[in-house]
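Residues take their numbers from the sequence shown, with the count starting at 1. From a predicted model like this one, the values you see are computed outputs, not experimental measurements.
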Amino acid sequence: MTTLALDHAPVRPMSLNRIFGSERALAALGFLLLALLLPTLFAGIVDGRLTNDVSVWSKPVKFQFALAVYALTLAFFARWLPAGTQDKRWYRIYIGAVIGAILLETIWLMGAAANGVPAHFNKSPAGEAIYMSMGALAVVLTSASAVYAWQIAKNRETGLPPVVKESIVAGLALVLPLTVITAGTMSAFDGHWVGGMRSDAAGLAIFGWARDGGDLRVAHFFSTHAMHFLPVVGLASLAIFGREERRPIRIATILFVALVAFTFVQALSGRPFLAFMG
């Protein structure tokens, strides 16, 4: 009878360097954004001004957290890029542009809050010009997920089980096209609401999504988190069906796209998402 000598196996302690050391610039950006949450939350407590009936600082808080998660997720996945990729000039220039886009987006959101004006759907001439520029920057920063998907897909030396690798690639690859469609459509409207009251005060708990009409932020949320949902499904599939069985993740990918499409059409139809949960 064979036993596993786990008691004597060396255990390497987890560390931030082991988790994010492959892409320290993105990791540093992620932790910087998390650190910014403290003064931003404090500003929301002491500053009583409102935008869309909620604190002017609520949007910077949400975006800082979301962008931090995005940067840290990419930093985590960077370990599976082809060897030497991060030393190449094109990659360093590109990641520098992505980091710059995230920083500019953050600066604009905080600047708009400090001035008590909407960062998005601002109808002033200056606001509209900046909003268009921020849209271009959003495409740049979101494109990093597609670049990572391409690079990881072509790397034959990841050491990952095939189902997990496919789930990571699929999740990363979906972020850009789904986000461009959902966020691009939302930018053509004069707000994220479709029907209902034009207020975020009575939105769904935590997310703030409208409960009395459609909200285009729902489909946008799922689009940007494909890079998280599908790898989790891949790990579950690995545990249940084994490393070589990739049909479950392919079915999950189709279902995920269908979920985004459903919530997108639902919002465009002016119907709220999970209104009963508010």
Same cluster or not: L37 versus I206, using hydrophobic residues (I, L, V, M, F, W, Y) connected whenever any side-chain heavy atoms lie under 4.5 Å apart? yes
At what distance, to the nearest 0.5 angstrom, does CG of L172 lie from CG of L230? 9.5 Å
Within a strict 4.5 Å, meaning less than it, do heavy atoms of the L216 and T182 side chains meet? no
With clusters defined by side-chain heavy atoms of hydrophobic residues (ILVMFWY) lying less than 4.5 Å apart, directly or transitively, does L103 cluster with Y131? no
Is there a side-chain contact between P231 and L235 in this structure, where contact means two heavy atoms from C-beta onward sitting under 4.5 Å apart? no
Please say yes or no: joined through hydrophobic side-chain contacts below 4.5 Å, possibly via intermediate residues, are W108 and L29 part of one cluster? no
Looking at S237 and G234, would you say the former's side chain and the latter's main chain have a donor-acceptor pair under 3.5 Å? no
Donor-acceptor pair, E244 side chain versus R246 backbone, under 3.5 Å? no
Could you go step by step and tell me if F65 and L34 meet the side-chain contact (heavy atoms from CB on, under 4.5 Å) rule? CA-CA 6 Å; F65 182 74; L34 290 178; 4.2 Å; yes
Any side-chain to backbone donor/acceptor pair from S58 onto V54? Under 3.5 Å, distance only. no
Between CG on residue L32 and CG on residue L36, distance to nearest 0.5 Å: 5.0 Å
So do W57 and L41 actually touch side chain to side chain, heavy atoms under 4.5 Å? no
Please check if the distance between the ring centroids of H120 and F63 is under 6.0 Å. yes
Could you check whether T106 and Q64, counting side-chain N and O atoms only, form a donor-acceptor pair closer than 3.5 Å? no
Backbone N/O of V164 and side chain of R243: donor-acceptor pair under 3.5 Å: no
When the ring planes of F222 and F273 are compared, do they come out parallel, tilted or perpendicular, using 30° and 60° as the limits? perpendicular
If you round to the nearest 0.5 Å, how far is CZ of R198 from CG of D190? 4.5 Å
Begin from the C-alpha positions of R92 and E23 and carry the test salt bridge (charged side-chain N to carboxylate O under 4.0 Å, His left out) through to its verdict. CA-CA 10 Å; R92 299 317 311 172; E23 182 45 78; 3.2 Å; yes
Please name the pair of heavy atoms, one in T73 and one in H228, separated by the smallest distance, quoted to 0.1 Å. OG1-NE2, 2.7 Å
Determine, step by step, whether T158 and I168 satisfy the side-chain contact (heavy atoms from CB on, under 4.5 Å) criterion, reporting the C-alpha distance in whole Å, the side-chain angles of both residues, the deciding distance to 0.1 Å, and the verdict. CA-CA 11 Å; T158 62; I168 292 173; over 6 Å; no
Between V180 and L176, is there a side-chain heavy-atom distance shorter than 4.5 Å? yes
Is it the case that the side chains of Q86 and S22 hold a donor-acceptor pair, with the cut-off being a distance below 3.5 Å and no angle test? yes
Measure across V56 and L50 and return the closest heavy-atom pair with its distance rounded to 0.1 Å. CG1-C, 3.6 Å
Return the CZ to CG distance between R271 and D212, rounded to the nearest 0.5 Å. 14.5 Å
Return yes if a side-chain donor-acceptor contact under 3.5 Å exists between T179 and H220, otherwise no. no
Should N52 and S199 count as side-chain neighbours, where that means a heavy-atom distance under 4.5 Å? no
Report, as yes or no, whether the 6.0 Å neighbourhood of atom CZ on R24 holds more than 12 heavy atoms from other residues, nucleotides or ligands. no
Using 30° and 60° as the class boundaries, would you call the ring planes of W90 and W150 parallel, tilted or perpendicular? tilted
Non-hydrogen atoms of A149 and A173 that approach each other most closely: CB-N, 3.6 Å
Kindly compute the distance separating CG (L137) from CE (M132), expressed to the nearest 0.5 Å. 12.0 Å
Do the side chains of M197 and F121 join up, straight or via other hydrophobic residues, at under 4.5 Å, putting them in one cluster? no
Where do A210 and W193 come nearest, in terms of heavy atoms and distance? CB-CD1, 4.3 Å
Any side-chain heavy-atom pair from F42 and L38 closer than 4.5 angstrom? no
Joint cluster assignment, I152 & Y70, ILVMFWY side-chain distance < 4.5 Å: yes
Please check if the side chain of N155 supplies one atom and the backbone of E157 the other of a donor-acceptor pair under 3.5 Å. yes
For P82 and T85, work out which heavy atoms get closest and say how close. O-OG1, 2.7 Å
Find out whether the Lys NZ or Arg CZ of R79 is both under 6.0 angstrom from the six-membered ring centre of F76 and within 45° of the ring's axis. yes
Output for pair (T40 OG1, I45 CD1), nearest 0.5 Å, gives 11.0 Å
Please step through salt bridge (charged side-chain N to carboxylate O under 4.0 Å, His left out) for the pair D200 and K59, ending with a clear verdict. CA-CA 11 Å; D200 290 330; K59 189 178 290 291; over 6 Å; no
Of V169, L74, V175, which is the lone residue that meets side-chain contact (heavy atoms from CB on, under 4.5 Å) with Y148? L74
Check: S143/Y94 side-chain N/O donor and acceptor closer than 3.5 Å: yes
Parallel, tilted or perpendicular, judged at 30° and 60°: which one describes the rings of H225 and F229? perpendicular
S145 side chain to T142 backbone, donor-acceptor under 3.5 Å: yes
Could you go step by step and tell me if L67 and L141 meet the side-chain contact (heavy atoms from CB on, under 4.5 Å) rule? CA-CA 9 Å; L67 290 171; L141 69 91; 4.1 Å; yes
All heavy atoms of L26 vs all of A75, minimum pair found to be CB-CB, 4.1 Å
Indicate the ring-plane relationship of F207 and W209, choosing parallel, tilted or perpendicular according to the 30° and 60° boundaries. parallel
Would you check if Q266 and F262 make a side-chain contact, meaning some heavy-atom pair closer than 4.5 Å? yes
